[in-house]
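Below is one structure, written out as structure tokens, with a few remarks after it.
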Amino acid sequence: MSVSIESYDHSNVVDYHYGKFPPSELDVNRLIEPLARAQDAISRYDQMLLSLPNSELLLAPLRQSEAVISSRMEGTISTVDEVMIYEAESQDDGSTQVTRDDTFEVFLYTTVLRRAQSAVADGEPINEGLIKNAHRILLSFGRGASKSPGQYKTDQNYIGDDRRKVIYFKPISPLQLQSAMQNMLSFIETSPMLHLFKVAVAHVEFEALHPFNDGNGRIGRLLITLLLWKLDLIHKPHFYISAFFETHKEEYIELMRAVSRDGDWTSWTAFFLTAIAKQAESNLQTAKRITALYDEMKEPFREISGSKWHLAAQDSIFENPIFKNRQLIKRSGMPKHVATRITKLLHEGGLLRELRPASGRRGALYMFEPLMEIVRA
């Protein structure tokens, strides 16, 4: 988070590491073991992705979960349920609603994740244009709209703790930011460094540059997913790491500070590799639970719906486990009367829970609880 230095304790502040990026060397001997664990874990996770007939369909709810956790690290508090409910309501042309600012901000981050992934899939390079556009969307409405969406900082910013009123890092000066961003992107594009090392070094550099007035942490963690994908470490853009960083937030911050304070890129890289390994293992278990549930639900969906559209309904509901009939019709292509009948039967059969009954022009809101239990975990 970026804060004003006035009235804050900055006796222990660390300054950006001018002239010391990229690191001249890493202690590879210290990194061999964590590298091997990270490569093994992410490879097993990637094989799982490749085995899925439609990873986007099955793992899309994890994107909302990542948005919730990554935003929570910056003090924006919402839940996966709130974000999915908002998304379902916002797609219904016949409804208007009021939502909490925090929920709307997290919803914007899910939009950023989708659009950035789509842009890279379409061949767009990871460059300043992509980064600025992602930031523009992230801060396009609400509290972020006054913080120069899509524009680099023009004043010196600081990283600290509002609750403790402490400043612990002074990012790069805005006067030197433009060349530093270009240097970082050139490093990503041309450095012969091992790819996992490169992603680790690029992430800490982006956070140390802190190029925007707000939203830097969320954009930085988005870049991890995009870089892992762009560098062919994963074949599909479904790797989210914020849960590990949140659990180890103090160590995450302190090791990034140590890069600038002590030139200790190696300890940071070892931590990052551990994060990759642990999160890959966790992601793999979650993906297995989702795919097992999908297979388990094929017969109940078929029996209860009694329709040739049962697989289309199941696919749509797994991709968006909180929905209205309007969205089910649009995503599955089934006729309106069929969708209405299927949701009614699935609700009566206990597979769907009605969160909100139909009222006037506003359709009923449904939840597929078995999948939500996995996504919330």
Side-chain angles (χ1 to χ4, degrees), residues 28 31-67 69-70 80 110 113-114 116-123 126 188 192-203 221-248 269-298 311 314-315 317-321 370-377:
V28 177
L31 298 175
I32 290 175
E33 186 176 345
L35 175 63
R37 289 197 301 267
Q39 287 177 325
D40 176 65
I42 200 169
S43 177
R44 285 187 286 110
Y45 176 69
D46 191 47
Q47 288 302 310
M48 175 69 173
L49 289 181
L50 289 173
S51 72
L52 297 177
N54 189 335
S55 62
E56 174 63 27
L57 181 157
L58 290 175
L59 302 183
L62 296 185
R63 188 186 292 120
Q64 280 95 339
S65 179
E66 166 67 9
I69 297 170
S70 189
V80 177
T110 66
L113 287 168
R114 274 196 303 267
Q117 290 167 353
S118 177
V120 174
D122 290 341
I126 299 175
I188 291 170
M193 184 178 285
L194 285 174
H195 286 171
L196 278 173
F197 292 173
K198 182 186 290 189
V199 179
V201 169
H203 177 68
R221 289 184 287 277
L222 162 66
L223 287 174
I224 292 173
T225 300
L226 296 181
L227 288 174
L228 291 173
W229 185 28
K230 190 73 170 179
L231 295 172
D232 293 326
L233 291 162
I234 52 176
H235 287 86
K236 298 179 182 179
H238 296 292
F239 188 91
Y240 304 117
I241 200 169
S242 292
F244 185 90
F245 286 162
E246 183 186 43
T247 302
H248 300 85
T269 303
F271 171 81
F272 185 88
L273 293 172
T274 299
I276 291 288
K278 295 293 187 182
Q279 198 62 56
E281 292 167 1
S282 176
N283 291 347
L284 178 59
Q285 294 307 311
T286 300
K288 284 181 175 179
R289 291 180 65 195
I290 291 174
T291 54
L293 178 65
Y294 181 84
D295 290 339
E296 177 188 332
M297 287 290 110
K298 285 181 180 178
L311 273 180
Q314 182 179 353
D315 286 353
I317 290 169
F318 265 75
E319 187 172 358
N320 297 93
L371 179 55
M372 290 302 297
E373 289 178 359
I374 297 174
V375 175
R376 294 188 197 110

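Predicted model only: the values in this text are computed from it and were never measured.
- The shortest distance between side-chain heavy atoms of N54 and D315 does not fall below 4.5 Å.
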Verdict with supporting geometry, L49 and L59, side-chain contact (heavy atoms from CB on, under 4.5 Å): CA-CA 9 Å; L49 289 181; L59 302 183; 3.2 Å; yes

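- The closest side-chain heavy-atom distance from L194 to V28 is not below 4.5 Å.
- The number of heavy atoms from other shown groups lying within 6.0 Å of NZ (K278) does not exceed 12.
- Panel note: side chain T291, backbone K288; a donor-acceptor pair is recorded below 3.5 Å.
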Stepwise side-chain contact (heavy atoms from CB on, under 4.5 Å) test for L226 and Q117: CA-CA 7 Å; L226 296 181; Q117 290 167 353; 4.2 Å; yes

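- Between atom CD of residue E296 and atom CZ of residue R289 there is a gap of 11.5 Å, rounded to the nearest 0.5 Å.
- Applying the side-chain hydrogen bond (donor to acceptor under 3.5 Å, both in side chains) rule to pairs touching residues 31-40 yields E33-R37, D40-R44, sequence neighbours excluded.
- Here OG of S55 is found 10.5 Å from CG of L62. Values are rounded to the nearest 0.5 Å.
- No side-chain donor-acceptor contact under 3.5 Å links E281 to the backbone of A41.
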Given the rule in the side-chain contact (heavy atoms from CB on, under 4.5 Å) test, do I42 and L228 qualify, once you have shown the distances and angles that lead to the verdict? CA-CA 10 Å; I42 200 169; L228 291 173; 4.2 Å; yes

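- Between the side chains of T110 and R63, no donor N or O sits under 3.5 Å from an acceptor N or O.
- Taking 4.5 Å as the limit, some side-chain heavy atom of Y45 sits within range of a side-chain heavy atom of H238.
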Evaluate F197 against L273 for side-chain contact (heavy atoms from CB on, under 4.5 Å), listing each step before the verdict. CA-CA 8 Å; F197 292 173; L273 293 172; 3.7 Å; yes

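- Between F244 and F271, the two ring planes are tilted [angle within 30° to 60°].
- A side chain to side chain contact (heavy atoms under 4.5 Å, CB included) with F239 holds for exactly one of D46, I276, L233; it is I276.
- Put simply, OG on S65 and CZ on R376 are 11.0 Å apart, with the number rounded to the nearest 0.5 Å.
- When atom types are taken as modelled, the side chain of K198 and the backbone of I188 share a donor-acceptor pair closer than 3.5 angstrom.
- Looking at K236 and E56, their side chains never come closer than 4.5 Å, going by heavy atoms from C-beta outward.
- A distance of 10.5 Å separates CG in L284 from OG in S43, rounded to the nearest 0.5 Å.
- Between L371 and P61 there is a side-chain heavy-atom pair separated by less than 4.5 Å.
- Taking NZ of K298 as the reference point, atom CG of L293 lies at 12.0 Å (rounded to 0.5 Å).
- Panel note: side chain E66, backbone Y240; no donor-acceptor pair is recorded below 3.5 Å.
- Put simply, the side chain of S70 never gets that close to the backbone of A67: no donor and acceptor are under 3.5 Å apart.
- To the nearest 0.5 Å, the span separating CD1 on I241 from CD1 on I224 amounts to 5.0 Å.
- Between F245 and I69, every side-chain heavy-atom pair lies at or beyond the 4.5 Å cut-off.
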